[in-house]
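Residue numbering restarts at 1 for every chain, and letters A, B, ... go by the order of the sequence lines. These figures come from a predicted structure and were not determined experimentally.
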There are 2 protein chains.
Amino acid sequence: MTDSGSFSQFGICDGARAGRPWHAEARLAFQRTTSLHKIERAAGALLGMEADAAKAVYFVLSGWLASSKSLRNGQRQIVDIQLPGEFIDTRLSDMQASATQIETLTPVTLAVVPRGNWMRLLQEYPEILARHERDVAAVLSRMSERMLRLGKSSAQARIAYTLIELGLRSSAFGPGESQEFHIPMTQQSLGDFTGLSSVHVCRTLGQLERMGVVSTNGHMDILIHDIEQLAAIAEIDVALLRGELNSAA
Amino acid sequence: MTDSGSFSQFGICDGARAGRPWHAEARLAFQRTTSLHKIERAAGALLGMEADAAKAVYFVLSGWLASSKSLRNGQRQIVDIQLPGEFIDTRLSDMQASATQIETLTPVTLAVVPRGNWMRLLQEYPEILARHERDVAAVLSRMSERMLRLGKSSAQARIAYTLIELGLRSSAFGPGESQEFHIPMTQQSLGDFTGLSSVHVCRTLGQLERMGVVSTNGHMDILIHDIEQLAAIAEIDVALLRGELNSAA
DNA sequence: CGGTTACTTGACGCGCGTCAAAACCCGTGG
DNA sequence: CCACGGGTTTTGACGCGCGTCAAGTAACCG
């Protein structure tokens, strides 16, 4: 279980490490069963309110998306962020206690599995079923980690954890202490993700910067100087982080 | 989609409403494919650290369980609560950034699907596959709702929401304004569930009581006087709540 | 170059955590 | 029957983290 284990920790797209990205395989499987409907969207678009492909299962081929819930007064919580190689089930969005919405953070391309085909796909293609099971496990796993920080951690820990999660998942990390990558979100949306106000996101990034742990250029370009200390602030088990970094590199 | 819709909102066990509980069917299916291994545990026991049935998928036949994550300093967050008719996948518990643990809140009986049999079960029994898909959707749905409150709502909203969620899911609600039921948790664990300190849980329950919305006898016996107002405090769409109550009754 | 959207910084207040002590509840054993 | 002890709930005092309001700066775009 090293495979599903390392996969599940941060929901890393392990196919991407193996050379040939998993989406390639998935696309093949999709094409065999359903006419592979591919759609593209610009950054900042909303998904799922269109009449045409309503209530489908999407598969992210490229780009970042965020699914969020919001209260009547406009308060918003980003519940998860989807990266290439992951599934999005818009069937979750209807009939809930609060409004759900999925938006693109970058330009994206998605494969669309129409509603009716999904169960058939799962039953006929064990590989897709297994992959989907692992994807679901990864989603639950990282949502749980985030709930833990939402409920019980300081702003510093939440920001630090988010930086590491997104860095690892986007496969932006190489070996070594320093890591540099870009997060296609505003501080406002980072706040919606971490349960903080945009103002406090700014302050907290400033604190981390003054501590010498990271640098930012003021536009979500992140440079991590001391990833071990950042992990300590994020309250992540450093041994586990090491393992992740090794398998990611 | 009224079926999966009403199911997914609060993860209600819709089988329980339909007369014959779904677990009965599930048990039959399990028995056909695997020797149905049934285990019982007392209240307050820990699950999954035993050597025998390690890393299995469980199916709750009776009783309440809580799965939680905790930080190195002892801070704990209950990530979800499992009721009869729901699945528990202990494979999620290994290899994560924080320790996961599953404990019983009441005496429970569980059906155990050994690790190797799970994927086979899904592939061979479409009914179980479909059921599991819906269960996963319900878990994600209610975890999202809770994340929204964890990140963006006051203590009152979190407590109010939790009371309604647990009342609805345990099918304790009948028609009418008043609802009475028992939650088998201490204020401490309610705090771990809502991201509050036990002290503040107590205060907040006191506030709700002084507002005339609920009564408690000091031991987690809850009596809801005005469920509409409680839903308003919980920031739940009242129309949706109405629908849930109707389909639950 | 003006308008718009993002980031930054300061001042202020409140919600909720923490510490601490008291009241209660229940099971156990003398 | 009461004494005792551990776990839970309740209540008060106090302080800090983070939200909010507001003003100012910087970057981007037509």
Does [X] have any side chain to side chain donor-acceptor pair (under 3.5 Å) partners at least two apart in sequence or in another chain, and if so, which?
X: Q188(B); result: none
X: S153(A); result: E235(A)
X: T186(A); result: S189(A)
X: D226(A); result: none

Nearest whole Å is fine: how far is [N] [atom2] from [X] [atom1]?
X: Q187(B); N: dT11(D); atom1: CD; atom2: P; result: 10 Å
X: H200(A); N: dC21(D); atom1: NE2; atom2: P; result: 17 Å
X: Q188(B); N: dT10(D); atom1: CD; atom2: P; result: 14 Å

Mark yes or no for whether [X], through its side chain, and [Y], through its backbone, hold a donor-acceptor pair below 3.5 Å.
X: R146(A); Y: V79(A); answer: yes
X: Q77(B); Y: S68(B); answer: no
X: E145(B); Y: A97(A); answer: yes

Can you list the residues that meet the salt bridge (charged side-chain N to carboxylate O under 4.0 Å, His left out) rule with E40(A), with sequence neighbours excluded?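 Salt bridge (charged side-chain N to carboxylate O under 4.0 Å, His left out) list for E40(A), sorted by chain: empty.
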
Which residues pass the salt bridge (charged side-chain N to carboxylate O under 4.0 Å, His left out) test with R158(A), sequence neighbours left out?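 Expected list: none.
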
Specify the residues of residues 201-224 of chain B, ordered by number, for which at least one heavy atom lies under 4.0 angstrom from an atom of DNA chain C.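 Contacting residues: R203(B), H219(B).
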
Begin with the C-alpha distance, continue with both residues' side-chain angles, and end with the deciding distance and a verdict on side-chain contact (heavy atoms from CB on, under 4.5 Å) for E165(B) and R149(B). CA-CA 12 Å; E165(B) 183 197 331; R149(B) 267 103 192 151; over 6 Å; no

With a 4.0 Å cut-off on heavy atoms, is [X] in touch with a base, just the backbone sugar-phosphate, or nothing at all?
X: T186(A); result: sugar-phosphate
X: S154(B); result: sugar-phosphate
X: G195(A); result: sugar-phosphate

With a 4.0 Å heavy-atom cut-off, tell me which residues in residues 64-73 of chain A come close to DNA chain D, sorted by residue number.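 Per residue number, the list is empty: none.
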
Estimated bend of the helix from dC1(C)-dG30(D) to dG30(C)-dC1(D) (axis per five terminal pairs, rounded to 10 degrees):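 Taking the rotation axis at each end, their angle is 30°.
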
Quick one: on DNA chain C, does S198(A) or G151(A) contact a more 5' nucleotide (nearest heavy atom)?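 The residue whose closest nucleotide sits nearer the 5' end is S198(A).
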
With rounding to the nearest 0.5 angstrom, report the CG to CD1 distance, L71(B) to I236(A).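 One gets 10.5 Å once the value is rounded to the nearest 0.5 Å.
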
Walking along DNA chain C from 5' to 3', note the first and the last nucleotide with an atom under 4.0 Å from a heavy atom of chain B, and give both.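 With heavy atoms of chain B under 4.0 Å away, the range is dC16(C) to dC25(C).
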
Got a sec, which pairs hit side-chain hydrogen bond (donor to acceptor under 3.5 Å, both in side chains) with one end in residues 172-182 of chain A, sequence neighbours left out?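 Applying side-chain hydrogen bond (donor to acceptor under 3.5 Å, both in side chains) to every pair that reaches into residues 172-182 of chain A, excluding sequence neighbours, yields H182(A)-D221(A).
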
Pairs of donor and acceptor atoms involving the side chains of residues 198-205 of chain A, under 3.5 Å and at least two apart or interchain, shall be tabulated with distances.
{"residue": "T204(A)", "atom": "OG1", "partner": "H200(A)", "partner atom": "O", "Å": "2.6"}

